[in-house]
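Note that the structure is predicted; figures quoted are calculated from it, not measured. Only heavy atoms go into these numbers, but all of them, side chains included; no hydrogens, no water, no symmetry mates. Order of the sequence lines fixes the chain letters, A, B, ..., with proteins taken first and strands second; residue numbering starts at 1 for each chain.
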Protein chains: 2
Amino acid sequence: MTDNSNNHAAGKPLNRAGHARRDALKFGSVATLGAILGGGALLGHATPVLAQAGSKAELAPNEPLNILIVNYDGGTLLDFAGPSEIFHRLPNTNVRYASLNGGNVTLEFGVVYGKTERLADIEQTDLILVPGGSDLSVPMRPEYQAQIRRLAEGAKHVTSVCNGSLVLAATGILNGKRSACHWAFINKLSEYGAIGVPDRFVEDDNGRFMSGGGVTAGIDFALRVAAKMRGQQAAEFTQLVIEYDPAPPFHSGHPRDARPEVIAMVDKELPGASRGLARVPGVR
Amino acid sequence: MTDNSNNHAAGKPLNRAGHARRDALKFGSVATLGAILGGGALLGHATPVLAQAGSKAELAPNEPLNILIVNYDGGTLLDFAGPSEIFHRLPNTNVRYASLNGGNVTLEFGVVYGKTERLADIEQTDLILVPGGSDLSVPMRPEYQAQIRRLAEGAKHVTSVCNGSLVLAATGILNGKRSACHWAFINKLSEYGAIGVPDRFVEDDNGRFMSGGGVTAGIDFALRVAAKMRGQQAAEFTQLVIEYDPAPPFHSGHPRDARPEVIAMVDKELPGASRGLARVPGVR
């Protein structure tokens, strides 16, 4: 479970078409990871960076890991469905879901996510994850904020996906900390005292704070968290089980790639998005 | 909404680091898409293939589109969470969820997905999606199969993600049809009369049948379906909103890339997986 050998990162032969995409993916990812870990000098040296990712701040896989996913009305299913799918598959890991009042929460688009615990009933968690949503007015309420602050202060790892970082930041716990966010909201973080970093995965304080970008970034985020918490091999196992070998059909996953007319569509729906200053209910 | 111009596919300049990965992604995807569309001769010609993907069998965006996602106890959340997130964002599209008895379903890992309708109460749908699961014994029951067969026969588009294709195939509707499946189950399809194709997205009969590979392939699947149903620009809009700009940290998303010891871990949990012959409850 804790195999951090470098034979994989060093590159084994690929055995079918798609070399270019796969190799580029690998080195693209490593470059990003290197930048995140503050290892500017390491850029281009895939092996040591990947090895570092697998070993740095890694817990012994036998130590139980408790993960809490915070749910609320207006949240976005896919923000936490990726992490959920990954975390549940890790060894010796317990994943819980909680909302202020417990029971069902009604996510974006009326999707009902059921049987959450009450936040007040959770004494402590090792890792807290706050996903994002299209309406943050519920988790921005003082009683929600108080529970999130309490659990985050007691957690070893404070994490978010998408604009869940705004919810965390509003509690004050991200003051002066680097954090990811959905691209449309990234520049709102500074209004809550955090430092927005436009990457797909961001960490600060040697892994005490970890965050993912918008929606689907939760998958990349969770695989990195998995490697850090349970070892690289457990993360690779999970990636293989969920067949995470992405092949987006279009070149439109980020404003730096998307066509101007497509960005304009998002700006129309979420004014300020292309300046990273979109607003949803609950966000000032 | 129906802009299928080729200026995007023809490649506009990229404006920051990551060129190699993004360009490779684009052409990697196009090659796969070309193969899927039966366009071996088109490989390497990005523009016509992407344009074809956007226009072939495309409905007028003003024609309402009804999508039904079939839920059942033992299903996998992420198999349909990606498609759900994408389909809900398409214009003039209605997404419903249904199970045999309606109400809550208990997915893999005890995740509760709530408020589904009763399958028998759905008269007809334009597109039916059957996601996969870690236990298919419930949707393989005769009463579930009868409802799925009825709705699939009446649907314009019959689709699945992951080993949901086994559930569809068991109804007989995929007889002689090409279909994707999770890599660990791909060779089980022939036992149900379908033709397993180890791609991330597969279609047959000019889009009447469309399917995605394992779990996360649901995202790539749904973006392709979105382009076909609502136009390429609507699909690109959705990709941008969910920030689908993947950067997997490891080289482990498919057995052709994963390390042998990681594949062995999956084989231990799912005997037969590396031969595409894994079994879960409900699968003979």
Side-chain angles (χ1 to χ4, degrees), chain A residues 8 15-18 20-22 24-26 28-29 32-33 77-78 81-82 84-85 88 104 109 111-115 182-183 200 213-217 219-220 223-224 227 233 235-237 239-254 256-259 261-262 265-266, chain B residues 3 8 15-16 18 20-22 24-26 28-29 32-33 53 77-78 81-82 84-85 88 104 109 111-115 182-183 200 213-217 219-220 223-224 227 233 235-237 239-254 256-259 262 265-266:
Chain A
H8 172 55
N15 55 8
R16 47 157 266 171
R21 181 169 72 83
R22 285 170 222 292
L25 260 176
K26 185 173 72 174
S29 306
T32 306
L33 197 57
L77 177 65
L78 191 52
S84 161
E85 211 64 55
H88 275 295
N104 285 356
F109 306 118
V111 164
V112 175
Y113 195 80
K115 226 177 149 178
H182 188 294
W183 62 265
R200 207 153 166 89
V215 194
T216 56
I219 300 172
D220 301 310
L223 288 171
R224 286 176 160 88
Q233 187 155 322
E236 290 181 24
F237 164 80
Q239 186 181 346
L240 184 54
V241 169
I242 64 171
E243 203 172 323
Y244 188 47
D245 181 29
F250 307 110
H251 209 53
S252 191
H254 194 277
R256 68 179 158 276
D257 298 331
R259 290 188 288 142
E261 52 269 47
V262 173
M265 288 170 74
V266 180
Chain B
D3 180 342
H8 172 54
N15 55 9
R16 46 158 267 171
R21 181 168 73 81
R22 285 169 222 290
L25 260 175
K26 185 173 72 173
S29 306
T32 306
L33 198 56
L77 177 65
L78 191 53
S84 160
E85 211 63 56
H88 275 295
N104 284 356
F109 306 118
V111 164
V112 175
Y113 194 80
K115 226 177 149 177
H182 189 294
W183 62 266
R200 207 154 166 88
V215 194
T216 55
I219 300 171
D220 301 310
L223 288 171
R224 286 174 160 88
Q233 188 155 320
E236 290 181 26
F237 164 80
Q239 186 180 346
L240 183 55
V241 169
I242 64 170
E243 203 171 323
Y244 188 47
D245 181 29
F250 307 110
H251 210 52
S252 191
H254 195 277
R256 70 177 97 81
D257 298 331
R259 291 189 288 145
V262 174
M265 288 169 74
V266 180

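- For the side chain to side chain contact (heavy atoms under 4.5 Å, CB included) test, residues two or more places apart in sequence or in another chain that qualify with A:Val241 are A:Arg89, A:Phe237, B:Val266.
- Checked by atom type and distance alone, the side chain of A:Glu236 never pairs as donor or acceptor with a backbone atom of B:Arg259 at under 3.5 Å.
- Atom CZ of residue A:Phe109 and atom CD of residue B:Glu85 lie 6.0 Å apart, to the nearest 0.5 angstrom.
- B:Trp183 CH2 to A:Asp245 CG: the interatomic distance, rounded to the nearest 0.5 Å, is 12.0 Å.
- Of the inter-residue distances, the one linking A:Phe250 atom CZ with B:Arg224 atom CZ reads 7.5 Å to the nearest 0.5 angstrom.
- For B:Tyr113, the side-chain hydrogen bond (donor to acceptor under 3.5 Å, both in side chains) test picks out no residue, with sequence neighbours left out.
- Note on A:Ala217, A:Gly114, A:Gly82: by heavy-atom pairs under 4.5 Å with chain B, the leading option is A:Gly114.
- At distances below 3.5 Å, at least one donor-acceptor pair connects side-chain atoms of A:Asp220 with backbone N or O atoms of B:Ala247.
- Smallest separation of non-hydrogen atoms from A:Gly253 and B:Leu240: C-CD1, 4.1 Å.
- Rounding to the nearest 0.5 angstrom, the gap separating the NE2 atom in A:His88 from the CG atom in B:Leu78 is 11.5 Å.
- Nearest heavy atom pair, residue A:Met265 against residue B:Gln233, reads SD-NE2, 3.3 Å.
- The main-chain N or O of A:Glu243 is found under 3.5 Å from a side-chain atom of B:Arg200 such that the two form a donor-acceptor pair.
- Put simply, the side chain of A:Thr216 gets close to the backbone of B:Ile242: a donor and an acceptor are under 3.5 Å apart.
- In summary, of the residues considered (B:Val111, B:Val112, B:Asn104), a side-chain contact (heavy atoms from CB on, under 4.5 Å) with A:Lys115 occurs for B:Val112 alone.
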